[in-house]
Amino acid sequence: MIENNILDVQNEKEVVVKVRGLCKSFDSLQVLKGIDIDVYKGDVVAIIGPSGCGKSTFLRCLNCLEDPTSGNIFFEGEDLADMKVDINVHRQKMGMVFQNFNLFNNLTVLENITLAPVLIAKKNIAKTKRKNFFIKIGNLFRKNKKPLIKIEQTLKEVKENAKQKALDLLAKIGLEEKANVYPSTLSGGQKQRIAIVRAFAMDPKVMLFDEPTSALDPEMVGEVLDLMKELAEGGMTMLVVTHEMGFAKEVANRVIFIDDGVIKEENNPKEFFGNPQDERLKDFLAKVLI
Amino acid sequence: MINWAEEWSSFYKQFVTLGGYKRLFDGLIATVEIAVFGLAIGIIIGILIAIVAVMPRYKLLPKILDKICKVYVAIFRGTPMVVQLLVGHYLLLPLLGVNVSGVFEAVIIFGLNSGAYVSEIMRSGIQSVDAGQLEAGRALGLSFWSAMGKIVIPQSIKNILPTLGNEFISLIKETSVVSFIAITDLTKALKLIGDATYHYFMPYIMLALIYLVIVLLITWGIKVMERRLARSDRK
(Lines give C-alpha, C1' and ligand atoms only; values in the text may rest on other atoms or scores of the structure.)
Protein backbone atom coordinates (compact mmCIF):
# COMPACT_ATOMS: atom_id res chain seq x y z
CA MET A 1 0.00 0.00 0.00
CA ILE A 2 1.44 3.31 -0.96
CA GLU A 3 1.38 5.99 1.70
CA ASN A 4 -1.58 8.23 1.18
CA ASN A 5 -1.81 10.48 4.20
CA ILE A 6 -3.58 13.70 3.42
CA LEU A 7 -1.59 15.70 5.95
CA ASP A 8 2.03 16.25 5.20
CA VAL A 9 3.61 16.23 8.64
CA GLN A 10 6.58 18.41 7.84
CA ASN A 11 4.69 21.27 6.32
CA GLU A 12 1.47 20.91 8.29
CA LYS A 13 -0.28 21.79 5.06
CA GLU A 14 -2.98 19.83 3.36
CA VAL A 15 -1.91 18.00 0.23
CA VAL A 16 -4.56 18.42 -2.45
CA VAL A 17 -2.98 16.43 -5.25
CA LYS A 18 -0.18 13.95 -4.74
CA VAL A 19 1.45 12.49 -7.84
CA ARG A 20 3.85 9.56 -7.71
CA GLY A 21 5.78 8.09 -10.62
CA LEU A 22 3.39 9.32 -13.28
CA CYS A 23 4.26 7.92 -16.71
CA LYS A 24 2.45 8.34 -19.98
CA SER A 25 3.25 6.78 -23.31
CA PHE A 26 1.57 7.25 -26.65
CA ASP A 27 2.28 3.94 -28.37
CA SER A 28 6.08 3.76 -28.39
CA LEU A 29 6.61 7.41 -27.54
CA GLN A 30 7.18 7.96 -23.83
CA VAL A 31 6.10 11.49 -22.99
CA LEU A 32 6.15 11.43 -19.19
CA LYS A 33 8.87 9.46 -17.51
CA GLY A 34 7.98 9.49 -13.86
CA ILE A 35 6.67 12.69 -12.32
CA ASP A 36 6.41 13.18 -8.56
CA ILE A 37 4.85 16.22 -7.01
CA ASP A 38 2.81 17.23 -3.98
CA VAL A 39 0.50 20.14 -4.50
CA TYR A 40 -0.57 21.80 -1.27
CA LYS A 41 -3.71 23.71 -0.59
CA GLY A 42 -3.41 27.28 -1.87
CA ASP A 43 -0.40 26.51 -4.04
CA VAL A 44 -0.09 28.23 -7.38
CA VAL A 45 2.23 26.04 -9.39
CA ALA A 46 3.49 27.41 -12.68
CA ILE A 47 4.62 24.69 -15.05
CA ILE A 48 7.00 25.77 -17.78
CA GLY A 49 9.10 23.97 -20.32
CA PRO A 50 9.91 23.75 -24.00
CA SER A 51 7.13 22.69 -26.35
CA GLY A 52 6.70 18.95 -26.59
CA CYS A 53 8.20 18.40 -23.16
CA GLY A 54 4.99 16.89 -21.81
CA LYS A 55 3.71 19.71 -19.61
CA SER A 56 0.24 19.72 -21.16
CA THR A 57 0.15 15.91 -21.12
CA PHE A 58 1.01 16.02 -17.42
CA LEU A 59 -1.89 18.36 -16.75
CA ARG A 60 -4.28 16.27 -18.83
CA CYS A 61 -3.21 13.13 -17.01
CA LEU A 62 -4.16 14.67 -13.68
CA ASN A 63 -7.89 14.55 -14.49
CA CYS A 64 -7.48 11.51 -16.72
CA LEU A 65 -8.32 13.23 -19.99
CA GLU A 66 -5.31 11.16 -20.91
CA ASP A 67 -5.19 7.90 -19.00
CA PRO A 68 -1.84 7.57 -17.24
CA THR A 69 0.21 4.57 -18.36
CA SER A 70 1.49 4.01 -14.84
CA GLY A 71 1.89 5.84 -11.56
CA ASN A 72 -0.53 7.20 -8.99
CA ILE A 73 -2.53 10.39 -8.65
CA PHE A 74 -3.99 10.80 -5.20
CA PHE A 75 -6.92 13.20 -4.98
CA GLU A 76 -9.72 13.26 -2.41
CA GLY A 77 -8.30 10.08 -0.91
CA GLU A 78 -8.50 8.02 -4.07
CA ASP A 79 -6.04 7.05 -6.78
CA LEU A 80 -7.37 8.55 -10.01
CA ALA A 81 -4.99 6.43 -12.07
CA ASP A 82 -7.00 3.40 -10.94
CA MET A 83 -9.47 2.66 -13.73
CA LYS A 84 -12.08 1.47 -11.23
CA VAL A 85 -12.42 4.90 -9.63
CA ASP A 86 -15.46 6.87 -10.82
CA ILE A 87 -13.48 9.63 -12.48
CA ASN A 88 -16.55 11.77 -13.17
CA VAL A 89 -17.06 12.43 -9.45
CA HIS A 90 -13.48 13.64 -9.01
CA ARG A 91 -13.40 15.68 -12.18
CA GLN A 92 -16.18 17.80 -10.70
CA LYS A 93 -13.71 18.96 -8.08
CA MET A 94 -10.84 19.41 -10.52
CA GLY A 95 -11.68 22.35 -12.75
CA MET A 96 -9.93 22.60 -16.08
CA VAL A 97 -9.39 25.58 -18.36
CA PHE A 98 -8.29 24.92 -21.93
CA GLN A 99 -6.14 26.79 -24.39
CA ASN A 100 -9.03 26.98 -26.87
CA PHE A 101 -11.64 27.90 -24.22
CA ASN A 102 -13.97 25.11 -25.37
CA LEU A 103 -17.13 26.93 -24.40
CA PHE A 104 -20.15 24.90 -25.51
CA ASN A 105 -21.15 26.55 -28.78
CA ASN A 106 -24.75 25.37 -28.67
CA LEU A 107 -25.45 26.89 -25.25
CA THR A 108 -25.69 30.45 -23.98
CA VAL A 109 -23.06 31.77 -21.59
CA LEU A 110 -25.38 31.21 -18.65
CA GLU A 111 -26.21 27.66 -19.77
CA ASN A 112 -22.51 26.98 -20.24
CA ILE A 113 -21.93 27.72 -16.57
CA THR A 114 -25.01 26.01 -15.15
CA LEU A 115 -25.11 22.91 -17.37
CA ALA A 116 -22.77 20.70 -15.39
CA PRO A 117 -23.94 21.62 -11.85
CA VAL A 118 -27.58 21.10 -12.81
CA LEU A 119 -27.04 17.85 -14.73
CA ILE A 120 -24.95 16.38 -11.94
CA ALA A 121 -27.48 17.39 -9.28
CA LYS A 122 -30.24 15.91 -11.43
CA LYS A 123 -28.36 12.64 -11.65
CA ASN A 124 -27.70 12.57 -7.90
CA ILE A 125 -31.35 13.28 -7.09
CA ALA A 126 -32.43 10.46 -9.40
CA LYS A 127 -29.92 8.18 -7.70
CA THR A 128 -31.18 9.10 -4.23
CA LYS A 129 -34.77 8.53 -5.32
CA ARG A 130 -33.82 5.13 -6.65
CA LYS A 131 -32.13 4.24 -3.38
CA ASN A 132 -35.14 5.47 -1.41
CA PHE A 133 -37.40 3.32 -3.52
CA PHE A 134 -35.44 0.22 -2.57
CA ILE A 135 -35.36 1.29 1.09
CA LYS A 136 -39.13 1.66 0.97
CA ILE A 137 -39.53 -1.82 -0.47
CA GLY A 138 -37.10 -3.18 2.11
CA ASN A 139 -39.03 -1.43 4.87
CA LEU A 140 -42.13 -3.47 4.03
CA PHE A 141 -40.28 -6.51 5.38
CA ARG A 142 -38.24 -4.83 8.12
CA LYS A 143 -39.23 -4.38 11.72
CA ASN A 144 -36.83 -1.52 12.32
CA LYS A 145 -37.72 0.83 9.54
CA LYS A 146 -34.71 2.27 7.76
CA PRO A 147 -34.93 6.05 7.34
CA LEU A 148 -35.11 7.46 3.84
CA ILE A 149 -32.23 9.47 2.47
CA LYS A 150 -33.12 13.12 2.54
CA ILE A 151 -32.98 15.07 -0.70
CA GLU A 152 -31.29 18.32 0.30
CA GLN A 153 -32.42 20.40 -2.64
CA THR A 154 -35.13 19.88 -5.18
CA LEU A 155 -34.11 20.17 -8.81
CA LYS A 156 -35.88 23.50 -9.04
CA GLU A 157 -33.86 24.91 -6.15
CA VAL A 158 -30.66 23.55 -7.65
CA LYS A 159 -31.47 25.27 -10.93
CA GLU A 160 -32.29 28.55 -9.19
CA ASN A 161 -29.11 28.43 -7.12
CA ALA A 162 -26.90 27.53 -10.04
CA LYS A 163 -28.37 30.35 -12.08
CA GLN A 164 -27.96 32.86 -9.28
CA LYS A 165 -24.40 31.77 -8.67
CA ALA A 166 -23.56 32.00 -12.36
CA LEU A 167 -25.03 35.49 -12.57
CA ASP A 168 -23.10 36.58 -9.49
CA LEU A 169 -19.86 35.26 -10.92
CA LEU A 170 -20.56 36.89 -14.28
CA ALA A 171 -21.22 40.17 -12.50
CA LYS A 172 -17.89 39.83 -10.75
CA ILE A 173 -16.05 39.63 -14.03
CA GLY A 174 -18.22 42.36 -15.54
CA LEU A 175 -19.95 40.19 -18.11
CA GLU A 176 -23.44 39.92 -16.67
CA GLU A 177 -24.97 41.49 -19.77
CA LYS A 178 -23.52 38.60 -21.80
CA ALA A 179 -25.44 35.96 -19.83
CA ASN A 180 -27.87 35.15 -22.63
CA VAL A 181 -25.66 35.40 -25.69
CA TYR A 182 -23.95 32.56 -27.51
CA PRO A 183 -20.16 32.14 -27.26
CA SER A 184 -19.63 32.87 -30.97
CA THR A 185 -20.32 36.56 -30.30
CA LEU A 186 -17.65 36.93 -27.60
CA SER A 187 -14.02 37.96 -27.83
CA GLY A 188 -11.29 35.48 -26.92
CA GLY A 189 -10.60 37.15 -23.60
CA GLN A 190 -14.29 37.09 -22.67
CA LYS A 191 -14.56 33.45 -23.68
CA GLN A 192 -11.61 32.45 -21.57
CA ARG A 193 -12.83 34.37 -18.54
CA ILE A 194 -16.21 32.67 -18.87
CA ALA A 195 -14.46 29.31 -19.22
CA ILE A 196 -12.65 30.04 -15.96
CA VAL A 197 -15.92 30.98 -14.29
CA ARG A 198 -17.51 27.80 -15.64
CA ALA A 199 -14.82 25.70 -14.00
CA PHE A 200 -14.91 27.77 -10.81
CA ALA A 201 -18.69 27.43 -10.46
CA MET A 202 -18.22 23.74 -9.62
CA ASP A 203 -16.39 24.70 -6.40
CA PRO A 204 -13.26 22.82 -7.42
CA LYS A 205 -10.52 21.97 -4.97
CA VAL A 206 -7.89 22.52 -7.61
CA MET A 207 -7.95 24.20 -10.98
CA LEU A 208 -5.84 23.14 -13.95
CA PHE A 209 -4.94 25.74 -16.58
CA ASP A 210 -3.63 24.42 -19.88
CA GLU A 211 -1.91 27.38 -21.54
CA PRO A 212 -4.92 29.62 -20.87
CA THR A 213 -3.54 32.67 -22.67
CA SER A 214 -1.75 31.09 -25.64
CA ALA A 215 -4.67 31.42 -28.05
CA LEU A 216 -5.46 35.02 -27.11
CA ASP A 217 -4.72 38.31 -28.81
CA PRO A 218 -1.95 40.08 -26.89
CA GLU A 219 -4.23 42.78 -25.57
CA MET A 220 -6.59 40.22 -24.05
CA VAL A 221 -3.94 38.30 -22.15
CA GLY A 222 -4.00 40.84 -19.34
CA GLU A 223 -7.68 40.49 -18.45
CA VAL A 224 -7.40 36.70 -18.22
CA LEU A 225 -4.22 36.82 -16.13
CA ASP A 226 -5.85 39.37 -13.83
CA LEU A 227 -8.76 37.00 -13.22
CA MET A 228 -6.36 34.12 -12.53
CA LYS A 229 -4.44 36.34 -10.13
CA GLU A 230 -7.66 37.14 -8.34
CA LEU A 231 -8.42 33.44 -8.01
CA ALA A 232 -4.92 32.80 -6.65
CA GLU A 233 -5.33 35.57 -4.11
CA GLY A 234 -8.63 34.01 -3.09
CA GLY A 235 -6.71 30.90 -2.07
CA MET A 236 -7.52 28.65 -5.00
CA THR A 237 -5.07 25.82 -5.60
CA MET A 238 -3.89 26.10 -9.16
CA LEU A 239 -1.62 24.32 -11.61
CA VAL A 240 -0.86 26.54 -14.56
CA VAL A 241 0.93 25.46 -17.71
CA THR A 242 2.05 28.77 -19.12
CA HIS A 243 4.46 30.68 -21.27
CA GLU A 244 3.79 33.88 -19.36
CA MET A 245 6.97 34.20 -17.34
CA GLY A 246 5.63 37.39 -15.81
CA PHE A 247 2.68 35.49 -14.36
CA ALA A 248 4.95 32.72 -13.09
CA LYS A 249 7.19 35.26 -11.38
CA GLU A 250 4.48 37.39 -9.91
CA VAL A 251 1.62 35.07 -8.97
CA ALA A 252 3.00 31.56 -8.61
CA ASN A 253 4.59 30.44 -5.37
CA ARG A 254 6.26 27.47 -7.03
CA VAL A 255 7.68 27.12 -10.51
CA ILE A 256 8.37 23.79 -12.14
CA PHE A 257 10.50 23.15 -15.19
CA ILE A 258 9.58 20.01 -17.11
CA ASP A 259 11.89 18.72 -19.80
CA ASP A 260 12.14 15.33 -21.45
CA GLY A 261 9.22 13.99 -19.40
CA VAL A 262 10.61 14.67 -15.93
CA ILE A 263 10.66 17.60 -13.52
CA LYS A 264 14.15 18.99 -13.98
CA GLU A 265 13.92 21.81 -11.48
CA GLU A 266 11.48 23.15 -8.92
CA ASN A 267 11.83 26.24 -6.81
CA ASN A 268 10.16 29.41 -5.66
CA PRO A 269 9.97 31.99 -8.45
CA LYS A 270 12.75 34.18 -7.07
CA GLU A 271 15.33 31.39 -6.95
CA PHE A 272 13.97 29.73 -10.06
CA PHE A 273 14.43 32.75 -12.30
CA GLY A 274 17.29 34.36 -10.37
CA ASN A 275 19.45 31.34 -9.77
CA PRO A 276 18.60 28.43 -12.07
CA GLN A 277 20.67 25.27 -11.60
CA ASP A 278 19.74 22.95 -14.45
CA GLU A 279 21.69 23.57 -17.67
CA ARG A 280 18.65 23.02 -19.86
CA LEU A 281 16.65 25.48 -17.77
CA LYS A 282 19.39 28.12 -18.02
CA ASP A 283 19.32 27.69 -21.77
CA PHE A 284 15.52 27.87 -21.84
CA LEU A 285 15.33 30.99 -19.69
CA ALA A 286 18.00 32.71 -21.75
CA LYS A 287 15.82 32.22 -24.80
CA VAL A 288 12.43 33.23 -23.41
CA LEU A 289 13.48 36.16 -21.24
CA ILE A 290 14.66 39.28 -22.94
CA MET B 1 -39.72 11.57 -86.92
CA ILE B 2 -42.03 11.85 -84.00
CA ASN B 3 -45.63 12.40 -84.80
CA TRP B 4 -46.59 14.76 -82.00
CA ALA B 5 -50.30 14.59 -82.52
CA GLU B 6 -50.29 10.82 -82.46
CA GLU B 7 -47.99 10.64 -79.43
CA TRP B 8 -50.25 12.99 -77.56
CA SER B 9 -53.55 11.42 -78.51
CA SER B 10 -52.44 7.90 -77.66
CA PHE B 11 -50.99 9.08 -74.35
CA TYR B 12 -54.16 10.99 -73.54
CA LYS B 13 -56.24 7.91 -74.30
CA GLN B 14 -54.12 5.66 -72.11
CA PHE B 15 -53.65 8.15 -69.35
CA VAL B 16 -57.07 9.74 -68.97
CA THR B 17 -59.68 7.74 -70.82
CA LEU B 18 -58.40 4.28 -69.86
CA GLY B 19 -57.46 5.35 -66.32
CA GLY B 20 -53.66 5.21 -66.57
CA TYR B 21 -53.42 8.07 -64.06
CA LYS B 22 -54.56 5.68 -61.34
CA ARG B 23 -51.61 3.46 -62.11
CA LEU B 24 -49.34 6.46 -61.98
CA PHE B 25 -50.62 7.47 -58.56
CA ASP B 26 -50.20 3.98 -57.21
CA GLY B 27 -46.65 3.97 -58.57
CA LEU B 28 -45.93 7.38 -57.09
CA ILE B 29 -47.19 6.25 -53.71
CA ALA B 30 -45.04 3.12 -53.87
CA THR B 31 -41.98 5.20 -54.76
CA VAL B 32 -42.52 7.68 -51.93
CA GLU B 33 -43.36 4.90 -49.49
CA ILE B 34 -40.16 3.01 -50.26
CA ALA B 35 -38.01 6.13 -50.03
CA VAL B 36 -39.59 7.56 -46.86
CA PHE B 37 -39.79 4.36 -44.86
CA GLY B 38 -36.44 3.24 -46.24
CA LEU B 39 -34.86 6.44 -44.97
CA ALA B 40 -36.62 6.06 -41.62
CA ILE B 41 -35.16 2.60 -41.17
CA GLY B 42 -31.84 3.91 -42.46
CA ILE B 43 -31.84 6.66 -39.84
CA ILE B 44 -32.52 4.22 -37.02
CA ILE B 45 -29.77 1.87 -38.18
CA GLY B 46 -27.49 4.84 -38.85
CA ILE B 47 -27.92 6.21 -35.32
CA LEU B 48 -27.15 2.80 -33.80
CA ILE B 49 -24.01 2.34 -35.91
CA ALA B 50 -22.83 5.91 -35.33
CA ILE B 51 -23.21 5.42 -31.56
CA VAL B 52 -21.08 2.29 -31.75
CA ALA B 53 -18.53 4.14 -33.89
CA VAL B 54 -18.01 6.98 -31.40
CA MET B 55 -18.20 4.88 -28.22
CA PRO B 56 -15.02 4.80 -26.15
CA ARG B 57 -13.17 1.55 -26.79
CA TYR B 58 -12.11 0.37 -23.37
CA LYS B 59 -14.24 -2.73 -23.24
CA LEU B 60 -14.62 -5.77 -25.45
CA LEU B 61 -18.27 -5.30 -26.40
CA PRO B 62 -17.85 -2.00 -28.30
CA LYS B 63 -14.91 -3.53 -30.18
CA ILE B 64 -16.98 -6.51 -31.33
CA LEU B 65 -19.97 -4.32 -32.22
CA ASP B 66 -17.69 -2.04 -34.18
CA LYS B 67 -16.36 -4.94 -36.24
CA ILE B 68 -19.90 -6.12 -37.02
CA CYS B 69 -20.93 -2.61 -38.09
CA LYS B 70 -17.86 -2.26 -40.30
CA VAL B 71 -18.70 -5.51 -42.12
CA TYR B 72 -22.31 -4.40 -42.57
CA VAL B 73 -21.32 -1.02 -43.98
CA ALA B 74 -18.75 -2.63 -46.27
CA ILE B 75 -21.30 -5.06 -47.70
CA PHE B 76 -24.05 -2.52 -48.34
CA ARG B 77 -21.77 0.17 -49.70
CA GLY B 78 -19.79 -2.32 -51.74
CA THR B 79 -22.63 -3.74 -53.83
CA PRO B 80 -25.08 -2.03 -56.19
CA MET B 81 -28.62 -1.38 -55.01
CA VAL B 82 -30.06 -3.57 -57.78
CA VAL B 83 -27.89 -6.49 -56.73
CA GLN B 84 -29.06 -6.13 -53.14
CA LEU B 85 -32.67 -6.17 -54.31
CA LEU B 86 -32.11 -9.24 -56.48
CA VAL B 87 -30.20 -11.11 -53.78
CA GLY B 88 -32.83 -10.19 -51.22
CA HIS B 89 -35.72 -11.16 -53.46
CA TYR B 90 -34.43 -14.31 -55.14
CA LEU B 91 -32.06 -15.70 -52.50
CA LEU B 92 -32.80 -14.47 -49.00
CA LEU B 93 -36.59 -14.48 -49.06
CA PRO B 94 -36.88 -18.07 -50.36
CA LEU B 95 -34.16 -19.15 -47.91
CA LEU B 96 -35.96 -17.56 -44.98
CA GLY B 97 -39.24 -18.83 -46.31
CA VAL B 98 -41.16 -15.63 -45.60
CA ASN B 99 -43.84 -14.16 -47.76
CA VAL B 100 -44.09 -10.39 -47.71
CA SER B 101 -45.45 -7.75 -50.04
CA GLY B 102 -43.09 -6.35 -52.62
CA VAL B 103 -43.15 -2.81 -51.22
CA PHE B 104 -42.41 -4.06 -47.72
CA GLU B 105 -39.48 -6.05 -49.04
CA ALA B 106 -38.13 -3.03 -50.91
CA VAL B 107 -38.53 -0.83 -47.81
CA ILE B 108 -36.43 -3.27 -45.77
CA ILE B 109 -33.69 -3.55 -48.38
CA PHE B 110 -33.60 0.19 -49.04
CA GLY B 111 -33.54 0.75 -45.27
CA LEU B 112 -30.60 -1.59 -44.83
CA ASN B 113 -28.81 0.04 -47.75
CA SER B 114 -29.37 3.61 -46.64
CA GLY B 115 -28.47 2.64 -43.04
CA ALA B 116 -24.93 2.05 -44.24
CA TYR B 117 -24.74 5.52 -45.77
CA VAL B 118 -26.62 7.33 -43.01
CA SER B 119 -24.29 5.83 -40.40
CA GLU B 120 -21.34 7.39 -42.20
CA ILE B 121 -23.18 10.72 -42.45
CA MET B 122 -23.86 10.67 -38.72
CA ARG B 123 -20.41 9.49 -37.74
CA SER B 124 -18.73 12.23 -39.72
CA GLY B 125 -21.28 14.75 -38.43
CA ILE B 126 -20.46 13.84 -34.83
CA GLN B 127 -16.73 13.76 -35.47
CA SER B 128 -16.81 17.15 -37.17
CA VAL B 129 -17.65 18.69 -33.78
CA ASP B 130 -14.41 19.87 -32.19
CA ALA B 131 -13.05 17.24 -29.81
CA GLY B 132 -12.51 20.02 -27.25
CA GLN B 133 -16.27 20.25 -26.76
CA LEU B 134 -16.51 16.70 -25.48
CA GLU B 135 -13.32 17.13 -23.47
CA ALA B 136 -14.63 20.27 -21.79
CA GLY B 137 -17.82 18.44 -20.86
CA ARG B 138 -15.93 15.46 -19.48
CA ALA B 139 -13.56 17.75 -17.57
CA LEU B 140 -16.58 19.22 -15.78
CA GLY B 141 -17.49 15.75 -14.58
CA LEU B 142 -20.24 14.91 -17.05
CA SER B 143 -20.50 11.29 -18.15
CA PHE B 144 -19.69 10.39 -21.74
CA TRP B 145 -23.37 10.06 -22.61
CA SER B 146 -24.46 13.31 -20.94
CA ALA B 147 -21.69 15.21 -22.69
CA MET B 148 -22.63 13.60 -25.99
CA GLY B 149 -26.35 14.21 -25.56
CA LYS B 150 -26.19 17.78 -24.33
CA ILE B 151 -23.17 19.16 -26.15
CA VAL B 152 -21.86 17.14 -29.08
CA ILE B 153 -24.99 15.74 -30.72
CA PRO B 154 -26.95 19.02 -30.73
CA GLN B 155 -24.00 20.63 -32.51
CA SER B 156 -23.63 17.79 -34.98
CA ILE B 157 -27.26 17.98 -36.11
CA LYS B 158 -26.49 21.13 -38.07
CA ASN B 159 -23.98 19.13 -40.10
CA ILE B 160 -26.10 16.01 -40.37
CA LEU B 161 -29.52 17.31 -41.49
CA PRO B 162 -28.56 18.80 -44.88
CA THR B 163 -26.53 15.71 -45.83
CA LEU B 164 -29.43 13.55 -44.75
CA GLY B 165 -31.57 15.49 -47.22
CA ASN B 166 -29.14 14.59 -49.99
CA GLU B 167 -29.36 10.96 -48.97
CA PHE B 168 -33.14 11.21 -49.28
CA ILE B 169 -32.78 12.60 -52.80
CA SER B 170 -30.55 9.78 -53.96
CA LEU B 171 -32.84 7.28 -52.29
CA ILE B 172 -35.87 8.62 -54.17
CA LYS B 173 -34.02 8.30 -57.44
CA GLU B 174 -32.67 4.86 -56.65
CA THR B 175 -36.17 3.51 -56.07
CA SER B 176 -36.55 3.47 -59.87
CA VAL B 177 -34.82 0.07 -59.90
CA VAL B 178 -37.44 -1.75 -57.83
CA SER B 179 -39.21 -2.96 -60.98
CA PHE B 180 -36.42 -5.58 -61.08
CA ILE B 181 -38.30 -7.41 -58.35
CA ALA B 182 -41.74 -6.82 -59.83
CA ILE B 183 -42.86 -3.79 -57.90
CA THR B 184 -44.86 -1.18 -59.76
CA ASP B 185 -43.27 2.09 -58.78
CA LEU B 186 -43.39 5.39 -60.63
CA THR B 187 -40.97 4.28 -63.34
CA LYS B 188 -42.68 0.98 -63.91
CA ALA B 189 -46.14 2.58 -63.98
CA LEU B 190 -45.19 4.96 -66.78
CA LYS B 191 -43.32 2.26 -68.63
CA LEU B 192 -46.49 0.15 -68.57
CA ILE B 193 -48.50 3.06 -69.97
CA GLY B 194 -45.97 3.30 -72.80
CA ASP B 195 -45.93 -0.46 -73.32
CA ALA B 196 -49.66 -0.49 -73.94
CA THR B 197 -49.33 1.51 -77.14
CA TYR B 198 -45.60 1.48 -77.94
CA HIS B 199 -45.64 5.27 -77.74
CA TYR B 200 -43.02 6.02 -75.10
CA PHE B 201 -42.38 9.68 -75.71
CA MET B 202 -44.95 11.34 -73.47
CA PRO B 203 -44.78 8.81 -70.61
CA TYR B 204 -41.01 9.14 -70.26
CA ILE B 205 -41.05 12.94 -70.50
CA MET B 206 -43.62 12.92 -67.75
CA LEU B 207 -41.57 10.44 -65.73
CA ALA B 208 -38.48 12.64 -65.86
CA LEU B 209 -40.49 15.73 -64.92
CA ILE B 210 -42.10 14.05 -61.92
CA TYR B 211 -38.73 12.94 -60.51
CA LEU B 212 -37.33 16.39 -61.17
CA VAL B 213 -40.18 18.13 -59.36
CA ILE B 214 -39.91 15.79 -56.37
CA VAL B 215 -36.17 16.37 -56.08
CA LEU B 216 -36.52 20.13 -56.50
CA LEU B 217 -39.10 20.17 -53.72
CA ILE B 218 -36.78 18.29 -51.38
CA THR B 219 -33.86 20.55 -52.32
CA TRP B 220 -35.96 23.57 -51.46
CA GLY B 221 -36.90 21.96 -48.14
CA ILE B 222 -33.24 21.39 -47.31
CA LYS B 223 -32.42 25.01 -48.11
CA VAL B 224 -35.14 26.28 -45.80
CA MET B 225 -33.88 23.95 -43.08
CA GLU B 226 -30.29 25.09 -43.51
CA ARG B 227 -31.31 28.71 -43.25
CA ARG B 228 -33.25 28.03 -40.06
CA LEU B 229 -30.29 26.22 -38.51
CA ALA B 230 -27.89 28.97 -39.48
CA ARG B 231 -30.15 31.55 -37.90
CA SER B 232 -30.27 29.78 -34.54
CA ASP B 233 -26.49 29.72 -34.73
CA ARG B 234 -25.92 33.42 -34.20
CA LYS B 235 -28.65 34.66 -31.95
Side-chain angles (χ1 to χ4, degrees), chain A residues 59-60 62-67 83-84 86-109 111-124 180-186 191 194-195 198-204 207-210 215, chain B residues 47 50-51 54-64 66 121-164 225-235:
Chain A
L59 210 62
R60 290 164 59 83
L62 288 182
N63 65 355
C64 294
L65 280 183
E66 306 286 354
D67 288 313
M83 290 295 275
K84 288 188 203 84
D86 183 2
I87 189 67
N88 293 338
V89 176
H90 299 294
R91 277 182 181 150
Q92 292 162 23
K93 295 296 163 202
M94 221 182 216
M96 182 145 192
V97 176
F98 298 86
Q99 183 177 351
N100 297 319
F101 332 124
N102 292 344
L103 289 182
F104 306 135
N105 297 324
N106 58 326
L107 303 176
T108 63
V109 167
E111 288 165 344
N112 258 280
I113 302 171
T114 56
L115 175 76
V118 170
L119 272 187
I120 287 160
K122 197 172 167 185
K123 211 170 222 180
N124 289 339
N180 293 314
V181 306
Y182 284 83
S184 56
T185 60
L186 300 171
K191 279 185 197 172
I194 286 161
R198 178 175 71 177
F200 183 75
M202 302 289 294
D203 290 323
M207 284 177 80
L208 315 173
F209 293 80
D210 188 3
Chain B
I47 289 173
I51 286 173
V54 299
M55 250 189 332
R57 304 239 181 293
Y58 296 127
K59 292 176 189 137
L60 188 63
L61 183 68
K63 281 182 193 164
I64 296 172
D66 190 51
I121 292 170
M122 297 206 165
R123 186 193 52 78
S124 69
I126 288 171
Q127 285 176 348
S128 70
V129 176
D130 177 27
Q133 297 284 314
L134 178 65
E135 254 176 18
R138 297 304 310 272
L140 283 167
L142 300 182
S143 68
F144 175 80
W145 295 114
S146 310
M148 271 309 217
K150 294 283 176 181
I151 300 157
V152 178
I153 290 175
Q155 290 184 53
S156 69
I157 289 194
K158 199 168 46 189
N159 303 325
I160 289 172
L161 276 185
T163 332
L164 216 50
M225 205 161 61
E226 266 175 351
R227 225 176 297 143
R228 285 255 172 90
L229 288 169
R231 203 185 311 156
S232 73
D233 207 22
R234 42 176 159 268
K235 250 190 270 189

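Quantities reported herein were computed from a predicted structural model and do not represent experimental measurements. Letters go in sequence order (proteins before strands), and every chain restarts at 1.
Note: B/Gln155 CD to A/Asn106 CG = 4.5 Å, rounded to the nearest 0.5 Å. For the atom pair A/Asn105 CG and B/Lys158 NZ, the distance stands at 7.5 Å (nearest 0.5 Å).
With a 4.5 Å cut-off on non-hydrogen atoms, A/Lys123 touches chain B through its side chain but not through its backbone. Residue A/Leu208 does not touch chain B at all, counting heavy-atom pairs closer than 4.5 Å. Both the backbone and the side chain of A/Arg198 come within contact range of chain B, judged by heavy atoms closer than 4.5 Å.
The two residues B/Ala139 and A/Phe98 have their closest heavy-atom pair at CB-CZ, 3.9 Å.
In terms of heavy-atom pairs under 4.5 angstrom with chain B, the leader among A/Leu103, A/Ile87, A/Leu107 is A/Leu103. By number of non-hydrogen pairs under 4.5 angstrom with chain B, the leading residue of A/Arg91, A/Gln92, A/Met96 is A/Arg91. Heavy-atom pairs under 4.5 Å with chain B were tallied for A/Pro204, A/Ala201, A/Pro117, A/Ala116; the largest tally goes to A/Ala116. For chain A, the option among B/Pro154, B/Gly132, B/Ala147 with the highest count of heavy-atom pairs below 4.5 Å is B/Gly132.
Annotation: B/Lys150, atom NZ; neighbour count of heavy atoms from other residues, nucleotides and ligands within 6.0 Å does not exceed 12.
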* Trace of the side-chain contact (heavy atoms from CB on, under 4.5 Å) decision for B/Val152 with A/Phe104 -> CA-CA 9 Å; B/Val152 178; A/Phe104 306 135; over 6 Å; no
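Residue B/Ser143 is tested with A/Asp86, A/Ile120, A/Asn88 for a side-chain contact (heavy atoms from CB on, under 4.5 Å); the sole match is A/Asn88.
Residues B/Asp130 and A/Asn102 have side chains in contact (heavy-atom distance under 4.5 Å, counting atoms from C-beta outward). Between A/Leu115 and B/Ile151 there is a side-chain heavy-atom pair separated by less than 4.5 Å.
Of the N and O atoms on the side chains of B/Arg138 and A/Asn63, not one donor lies less than 3.5 Å from an acceptor on the other residue.
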